[in-house]
Structures are given as structure tokens and as C-alpha cells.
There are 2 protein chains.
Amino acid sequence: MGKKAYEKEGAVAAPRRIAMTPAARRALDAAGRLFYERGIHAVGVDLIAAEAGVTKKTLYDRFGSKEQIVVEYLAERDERWRSFLAGYLAAAAPTPRARVLAVFDASRDWAADRSEKGCAMVNAHAEISDAAHPAYPIITGQKAWMLALFTDLAREIAPDRAEGLARTLVLLHEGGLVAHGLHVFPEALDQARDDAERLLAGGTELAGSGR
Amino acid sequence: MGKKAYEKEGAVAAPRRIAMTPAARRALDAAGRLFYERGIHAVGVDLIAAEAGVTKKTLYDRFGSKEQIVVEYLAERDERWRSFLAGYLAAAAPTPRARVLAVFDASRDWAADRSEKGCAMVNAHAEISDAAHPAYPIITGQKAWMLALFTDLAREIAPDRAEGLARTLVLLHEGGLVAHGLHVFPEALDQARDDAERLLAGGTELAGSGR
DNA sequence: CCAGAAGTAAACAGATCGGTCTACTCTCTC
DNA sequence: GAGAGAGTAGACCGATCTGTTTACTTCTGG
């Protein structure tokens, strides 16, 4: 059996296409914040430059196009999430159940201060129609990777029904992110974590203690 | 006790602000399709006019602004979803369990040919940052209404843990829509429905038969 | 028969979009 | 000390954006 998904190396394709000079760093930070908060199409390159304290020429010298800034934004966010998650997985008890719950813990903490508007990949997908867009594989890649991660963990818990278990975990996880981002109810990711815990406990009823 | 959420009258505020002349109808249909497929900010009024076979003057005579077209698009989609869902609820066996599953059935059928890119409200939310935007209450209103619907049904199933049960159902439902829209795995809403079924069956393990 | 509503066709306006370009400065490093 | 790389400042380009306007047509109800 090969490596686990979460042990494999990070994101999609090339590690870093852009020379991250200080100005490029500030620009990408500003772009990321603006893209996430206001949406990709709603943010112009002039605004990014102004917010970053950088000229448009520098922007285009470093990134070449707005599309490339978008790609870097999503690729970097993807990398950071995987790295953030890896820390939680490493710190968790070495049982598959604890590791599954560590994913939900990571999401809760990540969402609390970096994902107030829901999943950046889901939100970007809403604005990117063309499957040929260079950012597309980053978006779908992260979701596929999360499913693979849950599947690996589920296989250690119940090999005979790993796929179904993993898919249920994906539903709870994505549902938690949406409910969090749209403020459907408070602490949605705690709810998702508790549901996952009851799910893994098995036998007992799933939605036991009304949170 | 008052009426059930799904028995209450439809959407938010005024029933219809716009005189739906034939040209306005074509325009709103075209706008809805384009907004959903390509994103709101990516679609200009010239494109809407061209696709609808309508002049820009007519667009502005009827709707007054692009923002208002967006509002009408979301309000109408919300109304149609609630009406679509009401049909499934009316056709379902009069037990709360059957009604919950009817919601997932409705979502599966709705998503199959009208929601290939996920929930329109979630996608619109990704593009609308300002909570003061007139479309905002439509988006959050639909999510709150769905939670209320699940809560009403959950109360008939298990009054002592209705809130937790309803929230779990929301997670599965929203998760199913996201997984469907991003093609995380096939037939995500069937998975969500089956998970809901196992959840309502209680006692047994949730992710039993790996779908 | 005619008034008004609904529509077409197309030019127009000002702002903003993504992107380019020139000219100059600063700071390293060989 | 010369050249290269990274940066600022800001003008500029054509395209596109939302929105407006003028002039004319077509249909319908009293």
C-alpha cells in the first residue's frame, strides 16, 4: 500500500512559479484578502496595487496577469491549509478516529479567523465557469485530496465501508464550512465535529445531544 | 404552536416588484441562466440584453439597475425552489421521517438539472460582500428557512434533540450540494439522502452500506 | 381614433477594467 | 564603478462596464 494522501507532497504541479520579492509578497497578501472578502471579479488590479502599496508595473513584472495572481492566491491558500492541517494530524493521537476529529478541529480553528466567509475554493468555483481555467485543478484538487484523506482514514476504521464513511465525513465537513460561512447557525464546525464523533462511535444515535 | 415553516408564505418581502412583461421575462430568464453559469460579476448587462433578444433600454425600463436584476434573479430562484420543494413535501407520506427524506429527494432532482454548479445562494454569497446588499436577506433567508423547516420536522421526530438533529440535517444537505456542484464524488445528494435515512433510523451505524 | 405602454435600434457618456510603457531611483554584486 | 534587478510614479491604451438618451414603431383598450 502506498503513502497516505495527507503524507504525499503538497499541492498541484509546480512548487512556485513566481519570484516572491517583498513587493510581490505584499501584493499577493493584499490580493488574497481582497479576493476572499469581496470576490475575485469584484477586485481590480488597481485596487490590489493600491492596497499593497505597490505599482501596477511591479504587479505585472512579477505576476504577468491578473489570472496568474488568482492562481497564486488559490495555490498558496491550498498549500497553507494542507500545512495547517498537517500540524493537527501530527499532533493528534495516532488512532484513525482521533485523526479524523483532528481534521474537523483544524477546520474549526482555520475557519474561525481565516475563513469567515466559507471555503475559498468553493467561493472561487462560483466565479470560475471555465473548466479550462488554470485555477480549476487547484479547486477540484483540494476537494479530491480531502476525500482521499478521509478515505485513507476511514479505511483504517472500517475497511469494508471506507468509501461510504469517507463520503459522509466529506458531507459533514463541507456542510460545516457552508453553514459557518453563511451563518446558518453558530459554531457550525463544532456541530460537524460532534456529528463526526458520533458517527465514528457508531451504534449510538448520531444526533444525540442537541448542541 | 404556529404554522410550520414550510407552510408559511414564500420568500422575503414584496411578492413582485417588477412588471413581468414578455421582454422582462426573457431578460430575467437569460440573466438567471448567465448569472448562475458564469457568476454575477462576470455577466454584463449588454450580454444579458443580447442573449434575451432585448435592448438595454428595455432592461433599464423594467429593472432600473443591474443590482435589481440580481435581486429578482435570486428572489425568483428562491420562490421556485420553495414551490418545487412544497410539491415533494405534499406528495410524501405524512410522517416526519418521510418528509425529511422528501427534502433530500427534492434537492437531488432539483440539482440534477437546475443546480449543476451547486447552490445559487451559496455562489451568490461568494460574490456579495456587503451585508447591506438588497440580495443579502434573500440568501440568508433561504438558509434560515431551510434550518427552520428541518427543525420543525425534527421536532416531530425527537422533540428533545430537535435542534441538533436539524443542524445535522442541514450539514448533510449543504454538504451534498457542495459535493455535487464541485463533483467531489458522484451522486452526492443520494449519499446525503442515505445518510439522512440512516440518521433518522437511529440506533444503527450511520455510514453502513458504502455507497 | 388616439393615448399610453412596451418595445427596437443605436448612439452616447463617464468610469473602470486589464494591461503597457517611459523615465527615473535605489541597492546590491561582480 | 558598471550593470542588473527590483522598485516607484504616472501617463496612456483600447475594451468593457453600468447607465442614459433620442427617435421611431407596434400593439392594445377605452
Side-chain angles (χ1 to χ4, degrees), chain A residues 16-74 124 126-130 132-136, chain B residues 16-74 124 126-130 132-136:
Chain A
R16 175 108 287 142
R17 290 152 290 259
I18 301 302
M20 268 306 170
T21 61
R25 179 73 273 151
R26 292 204 310 277
L28 189 52
D29 288 346
R33 183 174 51 78
L34 290 166
F35 284 156
Y36 182 72
E37 287 175 2
R38 308 193 193 180
I40 291 169
H41 287 308
V43 172
V45 290
D46 294 87
L47 178 60
I48 294 170
E51 289 275 309
V54 151
T55 60
K56 273 211 290 180
K57 180 174 181 298
T58 299
L59 264 194
Y60 280 89
D61 282 349
R62 296 295 125 236
F63 296 94
S65 69
K66 179 187 175 181
E67 187 175 80
Q68 190 60 37
I69 302 179
V70 173
V71 169
E72 294 295 324
Y73 153 58
L74 291 172
E127 295 201 74
I128 295 175
S129 45
D130 187 5
H133 191 289
Y136 208 85
Chain B
R16 174 109 284 141
R17 293 150 288 259
I18 301 302
M20 268 306 177
T21 61
R25 177 75 271 150
R26 292 202 312 278
L28 189 52
D29 288 347
R33 183 175 51 78
L34 291 166
F35 285 156
Y36 182 72
E37 287 175 2
R38 307 192 192 180
I40 292 169
H41 287 309
V43 172
V45 290
D46 294 87
L47 178 61
I48 295 171
E51 289 276 308
V54 152
T55 60
K56 273 209 293 179
K57 180 175 180 300
T58 300
L59 265 194
Y60 280 89
D61 282 348
R62 296 295 126 239
F63 296 94
S65 69
K66 180 187 174 180
E67 186 174 82
Q68 190 60 37
I69 302 179
V70 174
V71 169
E72 293 296 323
Y73 152 58
L74 291 172
E127 295 201 73
I128 295 174
S129 44
D130 188 5
H133 192 289
Y136 208 85

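Remember, predicted model here, so these are calculated numbers, not experimental data. In what follows, chains carry the letters A, B, and so on, assigned in the order in which the sequence lines appear, proteins first and then strands, with residues in each chain numbered from 1.
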Practice task
Please check the phosphate of C:dA6 (OP1 and OP2 only) for any side-chain N or O of B:R26 closer than 4.0 Å.
Solution key: no
Problem - Side-chain N or O of A:T21 closer than 4.0 Å to phosphate OP1/OP2 of D:dG5 - result: no
Handout entry: Side chains of A:D130 and A:Y136 in contact at under 4.5 Å (non-hydrogen atoms)
Key = no
Exercise for the section: Spell out yes or no: do the side chain of B:K66 and the base of D:dG19 have one donor N/O and one acceptor N/O closer than 3.5 Å? Expected result: no
Fill in the blank from the handout: Per atom distances to the A:K57 side chain, the nearest of C:dG19, C:dT22, D:dT18 is C:dT22
Fill in the blank from the handout: Regarding the side chain of A:V45, the nearest nucleotide among C:dG18, D:dA6, C:dT8 is C:dG18
Can you tell me how far [atom2] of [N] sits from [atom1] of [X], to the nearest Å?
X: A:Q68; N: C:dG18; atom1: CD; atom2: C1'; result: 15 Å
X: B:M20; N: C:dA5; atom1: CE; atom2: C1'; result: 17 Å
X: B:H41; N: C:dT16; atom1: NE2; atom2: P; result: 15 Å
X: B:K56; N: D:dT18; atom1: NZ; atom2: P; result: 8 Å
X: A:I40; N: C:dC17; atom1: CD1; atom2: P; result: 16 Å
X: B:D46; N: C:dA10; atom1: CG; atom2: P; result: 14 Å
X: B:Y60; N: C:dA11; atom1: OH; atom2: P; result: 18 Å
X: B:L47; N: D:dA15; atom1: CG; atom2: C1'; result: 15 Å

Looking only at non-hydrogen atoms, find the nearest pair between [X] and [Y] and report the distance.
X: A:A52; Y: A:R26; answer: O-NE, 3.0 Å
X: B:A30; Y: B:E51; answer: CB-CB, 4.1 Å
X: A:I128; Y: A:A135; answer: CD1-CB, 3.9 Å

Practice task
For B:G44 and for A:T58, find the nucleotide of DNA chain D with the closest heavy atom, then tell me which residue's nucleotide is more 5'.
Solution key: A:T58
Practice task
Classify the nucleic acid contact of A:D61 as base, sugar-phosphate or nothing, counting any heavy atom under 4.0 Å across all strands shown.
Solution key: nothing
Exercise for the section: Indicate yes or no: does B:R33 engage B:D29 in a salt bridge with an N to O separation below 4.0 Å. Expected result: no
